Novice: 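Following this message is one structure expressed as structure tokens.
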Amino acid sequence: MSEMNFDRMVAQMTPEMYQNFKQAIERRKWPDGRRLSAEQTELCMEAVIKYEMIHDVPAAQRVGYLERNECASGSHSSAEEAAVKWIN
């Protein structure tokens with residue numbers, strides 16, 4: 001699918017479709033129980049992120065949102081200390 005067609009499809013997504021995609025990503029399954037392939041998961045995630053950008057979903061409600069609270073010991077001395085570190 002071309003990028004233009006994908007963007008058009010995302011722009012036409014309904015809120016129900018958006019919620020179904022989010023749920024499918026969370027559960028790694030479609031509503032009928034079939035497992036998502038890696039490619040389907042990636043495409044659903046891209047569609048959800050683009051939907052959130054197009055429809056101005058508040059940051060706190062977006063997929064992957066992390067609330068940034070300061071630690072009790074005070075502010076971080078560098079940006080590197082404040083960064084979120086992903087571990088596989």
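The shown structure was predicted, so the numbers you read here are calculated from the model rather than taken from an experiment. Positions are given from 1, in the same order as the sequence printed here.
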Novice: If you measure from the Lys or Arg side-chain nitrogens to the Asp or Glu carboxylate oxygens, is any gap between Lys50 and Glu46 under 4.0 Å?
Specialist: yes

Novice: Does any pair with a residue in residues 18-45 pass ring-ring contact (aromatic ring centres under 6.0 Å, His included), and if so which ones, sequence neighbours excluded?
Specialist: Tyr18-Tyr51

Novice: How about CD on Gln19, more than 12 heavy atoms from neighbouring residues, nucleotides or ligands closer than 6.0 Å, or not?
Specialist: yes

Novice: Which pair of non-hydrogen atoms, one from Leu36 and one from Cys44, has the smallest distance, and what is that distance?
Specialist: CD2-SG, 4.2 Å

Novice: For the CD1 atom of Ile54 and the CD1 atom of Ile49, what is their distance to the nearest 0.5 Å?
Specialist: 12.0 Å

Novice: So which atom in Lys22 and which in Val48 form the shortest heavy-atom distance, rounded to 0.1 Å?
Specialist: CG-CG1, 3.8 Å

Novice: Could you walk me through whether Leu43 and Gln40 satisfy the side-chain contact (heavy atoms from CB on, under 4.5 Å) test, starting with their C-alpha distance in whole Å, then the side-chain angles of each, then the deciding distance to 0.1 Å, before giving a yes or no?
Specialist: CA-CA 5 Å; Leu43 287 171; Gln40 289 171 330; 5.8 Å; no

Novice: What residues, two or more places apart in sequence or in another chain, satisfy side chain to side chain donor-acceptor pair (under 3.5 Å) together with Lys29?
Specialist: none

Novice: Among residues at least two apart in sequence or on other chains, which ones pass salt bridge (Lys or Arg N to Asp or Glu O under 4.0 Å) with Asp56?
Specialist: none

